[in-house]
Amino acid sequence: MTASPPAPRLVIGIDLGTTNSLAAIRAGRGARVLRDKDGEPLIPSIVCFHPDGRTIVGREAKALRLSFPERTVFSAKRLIGRAGAEVDREARLLPYRVHRGERDLARIAVADHDYAPEQIAAMVLQKVKSTAEHALGQPVSAAVITVPAWFDDGQRQATRDAAHLAGLECLRIVNEPTAASLAYGIDGSKDGTVLVYDLGGGTFDVSILRIDSGVFRVLATSGDTHLGGDDFDQLLVERILGAVSVAAPDPYMLQAVRAAAEGLKITLSSATTATLRLELDGHAPLDIKIDRAEFEGLLAPYLQRTLACCRRALSDASLTAAQIDDVVLVGGSTRIPMVRHLLHAELGRAPHTGVDPDLAVALGAAIQADVLAGNDKSLLLLDVIPLSLGIETLGGAMQKLILRNSTIPTSATEEFSIAVEGQTAVALNIYQGERELVRDCRQLGSFTLHGLPPMPAGLPRIAVTFLVDADGVLRVTAIEQRTGHEASIQVVPTFGLSRDEVRRMMLDSIENAQSDYVAREAIDLRNKAQAMVSGTRKALQLASLPPDQTFAVQKSARALEKLLQADADASSLKAATEELSKLTATIADDVISSAVKRALGDEQSHS
Ligand code: ADP
Ligand code: MG
């Protein structure tokens, strides 16, 4: 007996963006984007909790932003894995309500419900997943998901939790600019040093990579998780509100003005002036004219911040601008002409525009997904952590165990002692950041080592090990060396959900599990109908039937095919499939039905 080789594992790549999300899959030498039934690749990362009880995600939700501003959640990625205090300023600008929940985590309140940003992200991921399943005609259970390179540990953990909640196994978290470089360099002709500049809706990332015969090594990364197109919209919102002199805009007005501001911004990428006609209740219509030069003046400080990040990444990689062979643009905001001009001037070369800035990240994620699925062994991705990791020592100093831009996976062990005689437990606080004092860094979690035998101060030797996995996520272990005592360890995440919370949310999402099931059934039904149509066609060629019967069968098959093309609902598909199968089953001497069975068997053994 010979075992047939295992079917290649289906793993998709997902770009979970602040503004838009999308999925892609490996195809041939490259990858292809998975589009929805209208052929659209981008799924707005927006969730609307409709007053009628429906939860609507994606393009439809975006359209509802103006009608239900307080119920439509967008840019939730800006809140994921963050404390309420950290997002206070931007939360004030959002039309929906953000508040501080347990452990000061940022949470989103809609009507009488309360959501963690992870849950919103999970809903977006579910939509991406079902869109992908529809496009592929088969269930998807595993994915590679991208995050901004500049995401810290808390934000990465939170993204993984969101995948889990969405019923997706997250095989790897990949940094967005790194993924984009894969899409850029996959054709094998791009060996050299590239700078990937990714300016999206909410975040900015820059990474410098060396590509050498299929090895993609990140040399340095830098960025800002609070800088992107949303901020540029906000500049124009303020400009517009200044012109209409409204003291306190309500959520409806704020949302309308924000949508108008984004429209102006996008117009200014292709035209040198843009005009907005504002018709607000109780105000005379007002024309607001903005020219590109004025907008560029407002943008300049933000874009300078992105250039500062580029310089820092260059310096961390010990490179000069002249040593960069190519500049790759990623993210919708790189369509702003000033971005291109500034980069050209800064790096002395025109940016490469061969990869679609909207799709590059998802395409690269799909390539990495294929590598992790074990199908492609010719590529190797060596990524880095963006920020140093360390532990608090006496006096609130930050003792770094792993330095930023270290290639992952990586680990480091350091010995610590205790300062108090006879102490049997020690609390360790873990931080991420570059500053010397922990108060200027971000606390990732605290860690208690219990059950130490009482010893004089300074005698215990506690070995603390930091292990950063390929996702850039940290795990910490500790052991008292002298006694060999491996004490009980408890890590409490400072930002993000505890395991119990994730479990609870999973239970809460039975409802979602049900809609998942319905979606899967719909896919199965479509596949069956498709096979039925082509099976019938083949059978008709084999059978010699009287013309009227041939006509009836053809007509029924055509009707089913039309329904498939129109993406009809499950019940009409089911009815038409049943009709066709009845017709083919009862026709004289079962000629067709047996031929159909033969053809269907044939079809299935080929798929
Ligand atoms: P994210 O990665 O955050 O999901 P995207 O890469 O999809 O973001 O980029 C979305 C941002 O790009 C939005 O702020 C959008 O307004 C902006 N954008 C899209 N097209 C243009 C354009 N032509 N000019 C300027 N900004 C644009
Ligand atoms: Mg993006």
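Just follow the structure's listing: the first ligand is 1, and inside any ligand the first atom is 1.
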The answer, listing residues by chain and number that come under 4.0 Å of ligand 1 through any heavy atom, is Gly17, Thr18, Thr19, Asn20, Gly200, Gly201, Gly202, Gly229, Glu262, Lys265, Ile266, Ser269, Gly331, Gly332, Ser333, Arg335, Ile336
Applying side chain to side chain contact (heavy atoms under 4.5 Å, CB included), name anything that partners Asn405, two or more places apart in sequence or on another chain.
Ala220, Thr221, Asp316, Val384
Determine whether the side chains of Thr203 and Thr225 contain a donor N or O and an acceptor N or O closer than 3.5 Å.
no
Listed partners of Glu60 passing salt bridge (charged side-chain N to carboxylate O under 4.0 Å, His left out), at least two apart:
none
Could you tell me which residues satisfy side-chain hydrogen bond (donor to acceptor under 3.5 Å, both in side chains) with Asp376, sequence neighbours excluded, listed by chain and number?
Arg26, Ser378
Decide if atom CZ of Arg239 counts as having more than 12 heavy atoms of other residues, nucleotides or ligands within a radius under 6.0 Å.
yes
Students often mix this up, so state it plainly: with edges at 30° and 60°, are the rings of Phe232 and Tyr302 parallel, tilted or perpendicular?
perpendicular
